[in-house]
Student: 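The structure follows.
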Protein chains: 2
Amino acid sequence: MNEAVVLTPERILEATEDVLRRFGLTKATVVDVARALDVSHGSVYRHFPSKASLRDAVAKRWLDRANEPLCKIAADSGPAPERLEKWLRTAFSIKQKKVCDDPEMFATYLALAQGAREVVEAYKDKQVDLIAKILSDGVAQGVFETDNVKATARAVFDATVRYHHPAHAEEWAKPECPSRIDALIALLLRGVRVCKH
Amino acid sequence: MNEAVVLTPERILEATEDVLRRFGLTKATVVDVARALDVSHGSVYRHFPSKASLRDAVAKRWLDRANEPLCKIAADSGPAPERLEKWLRTAFSIKQKKVCDDPEMFATYLALAQGAREVVEAYKDKQVDLIAKILSDGVAQGVFETDNVKATARAVFDATVRYHHPAHAEEWAKPECPSRIDALIALLLRGVRVCKH
DNA sequence: TCGCTGACAGATTTCAATATCTGTCAGACA
DNA sequence: TGTCTGACAGATATTGAAATCTGTCAGCGA
């Protein structure tokens, strides 16, 4: 009803993020979002065709935000082994920070990830591509060897998924988790490096 | 009520397995089990203190049965790399056969695994020990190198968990799954082998 | 004596009535 | 003309009363 402020998708997403943060995915309603924006829920539907599309758009924002440091590492130049290790450590630490630096949000993040399956799948594919980029840089540098960069990148990603999937969230709580991640990273780095002697 | 047949834990477990197979964990009741044995449910409680203990005992039987071929491979003598590859392939194929060769049972298996957490955890630890056995054989044979057998075994296991956890069951349905498993196994074998040149 | 029975209490699940939410659309309003 | 509103239908979620299940135990019968 505020005539001065235009209702944009961006404003709706910000309000949705806030409402999700407060109520969680299950309890949050489109009417809540509309109320936060001081419009009727019909207006929200003018910009987003469904609650699911809102949820997916918010999930995408969050995942893009979380993904940013990983993209940077993959785009860097420099020795591939160091970058691969840094990439994996960053990926793990993002999860350890519960994606969003806000422990309270974690449950909501899990619910979002559960619902926004396609968005999460696309994000996984993007992560595999980032790993593949580092691997092929490593092959060019003569420090990695693999007969199929894409398949190996997928394998590296698959190997880390225990820690990337909400179902394994409890693993993070275990005191031995950091040392297990260290061992896993060491194993993966050994798996892709060139054998020199 | 049958005076000729003694009510033993073994008989109760067999009846429970049958009832679970027919009704699933949620629908199966202790009274169903008692009925199958032609006794009152009070008699079942004489041998098992709770429905959960019945569930855990059945889960343990199933997991022990599924684990048997893996134990054999670990106990074998022979070149460690071949055995590790065989072990991993067998572990994957057990899951692919849905643990019990009976597709109808898979949902029930998932429910059991969900409930019998402690039993499943013990089973995981046992699997890590089996991998460690093969790895240390490999070190003795001079074909594997690792500074910490147990940690590496855990890392190998962690790397395969995407395919061992019920939450990832859908991954099995994907057509590219076999090639992804191939890539993962190749990566892990490279990660533990000695570099010769 | 010792294993088994079945009534029972408390916990859990089911189910249907009720309330709330999603998504649409005719019409208001600027 | 283009955006917004709010009543509405169908879908979904909540609720609480009734039904069922778990686990106990006093007492029965071999």
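Keep in mind it's a predicted model, so treat the numbers as computed, not measured. In what follows, chains carry the letters A, B, and so on, assigned in the order in which the sequence lines appear, proteins first and then strands, with residues in each chain numbered from 1.
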Student: Give the nucleotide from the list C:dT22, D:dG23, D:dC4 with an atom nearest to the side chain of B:Ser50.
Tutor: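 That would be D:dG23.
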
Student: Nearest heavy atom decides the nucleotide; on that basis, is A:Pro49 or B:Leu7 closer to the 5' end of DNA chain C?
Tutor: B:Leu7

Student: Grab the CZ-C1' distance between B:Arg35 and D:dT20 for me, whole Å please.
Tutor: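 So the two atoms are 12 Å apart, to the nearest Å.
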
Student: Which of parallel (below 30°), tilted (30 to 60°) and perpendicular (above 60°) describes B:Phe157 and B:His164?
Tutor: tilted

Student: Looking only at heavy atoms, what is the nearest atom pair of B:Leu189 and B:Pro81, with distance?
Tutor: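 Minimum heavy-atom separation between B:Leu189 and B:Pro81: CD2-O, 3.9 Å.
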
Student: For A:Lys51 and D:dA13, give me the distance from atom NZ to atom C1', rounded to whole Å.
Tutor: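 Spelled out: NZ on A:Lys51 to C1' on D:dA13 is 11 Å.
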
Student: Return no unless some side-chain N or O of A:Lys27 is found under 4.0 Å from OP1 or OP2 of D:dT14.
Tutor: yes

Student: Answer with yes or no whether A:His41 presents, from its side chain, a donor or acceptor under 3.5 Å of a partner atom in the base of C:dG23.
Tutor: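 Counting by modelled atom types and ignoring angles, a donor-acceptor contact under 3.5 Å is found here.
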
Student: Where the side chain of B:Ser40 is defined as all heavy atoms beyond and including C-beta, which of C:dG6, C:dT22, D:dT22 is the nearest nucleotide?
Tutor: C:dG6

Student: Of B:Gly42 and B:Asp32, whose closest DNA chain D nucleotide lies nearer the 5' terminus?
Tutor: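 The residue mapped nearer the 5' terminus is B:Asp32.
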
Student: Any side-chain N or O of A:Ser43 below 4.0 angstrom from OP1/OP2 of D:dT5?
Tutor: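 For D:dT5, OP1 or OP2 has a side-chain N or O of A:Ser43 closer than 4.0 Å.
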
Student: To the nearest Å, how far apart are A:Arg11 CZ and D:dC4 P?
Tutor: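 The answer, rounded to whole Å, is 10 Å.
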
Student: Starting from P on D:dC4, measure out to CG on A:Leu37 and report it in whole angstrom.
Tutor: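 The answer, rounded to whole Å, is 11 Å.
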
Student: Among residues at least two apart in sequence or on other chains, which ones pass salt bridge (Lys or Arg N to Asp or Glu O under 4.0 Å) with B:Lys126?
Tutor: B:Asp64

Student: Keeping to residues at least two apart or across chains, list the side-chain hydrogen bond (donor to acceptor under 3.5 Å, both in side chains) pairs with something in residues 74-90 of chain A.
Tutor: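 Output for this query lists A:Arg83-A:Asp137, A:Glu85-A:Arg89, A:Arg89-A:Asp182.
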
Student: Among the nucleotides C:dT22, D:dC4, C:dC4, which one has an atom lying closest to any side-chain atom of A:Val31?
Tutor: C:dT22

Student: Any ion pair linking A:Asp56 and A:Arg117 (charged N to carboxylate O, less than 4.0 Å)?
Tutor: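 Between A:Asp56 and A:Arg117 there is no salt bridge, as every charged N stays at least 4.0 Å from the carboxylate O atoms.
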
Student: Tell me which nucleotide among C:dG23, D:dT24, C:dT5 gets nearest to the side chain of B:Tyr45.
Tutor: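 That would be D:dT24.
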
Student: If I take atom CG in residue B:Leu25 and atom P in nucleotide C:dT13, what distance separates them, rounded to the nearest angstrom?
Tutor: 11 Å

Student: Nearest whole Å is fine: how far is C:dT22 C1' from A:Phe48 CZ?
Tutor: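 Interatomic distance, CZ of A:Phe48 to C1' of C:dT22: 16 Å.
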
Student: Between A:Arg55 (CZ) and C:dC21 (P), how many Å, whole number?
Tutor: 18 Å

Student: Please pick, from D:dT22, C:dT24, C:dC21, the nucleotide with the shortest atom-to-atom distance to any side-chain atom of A:Thr29.
Tutor: C:dC21

Student: Quick check: on DNA chain D, is the nucleotide nearest A:Arg46 upstream (toward 5') of the one nearest A:Thr26, or the reverse? Name the residue that is more 5'.
Tutor: A:Arg46

Student: Can you tell me the distance, in whole Å, between the NE2 atom of A:His47 and the C1' atom of D:dG2?
Tutor: 12 Å

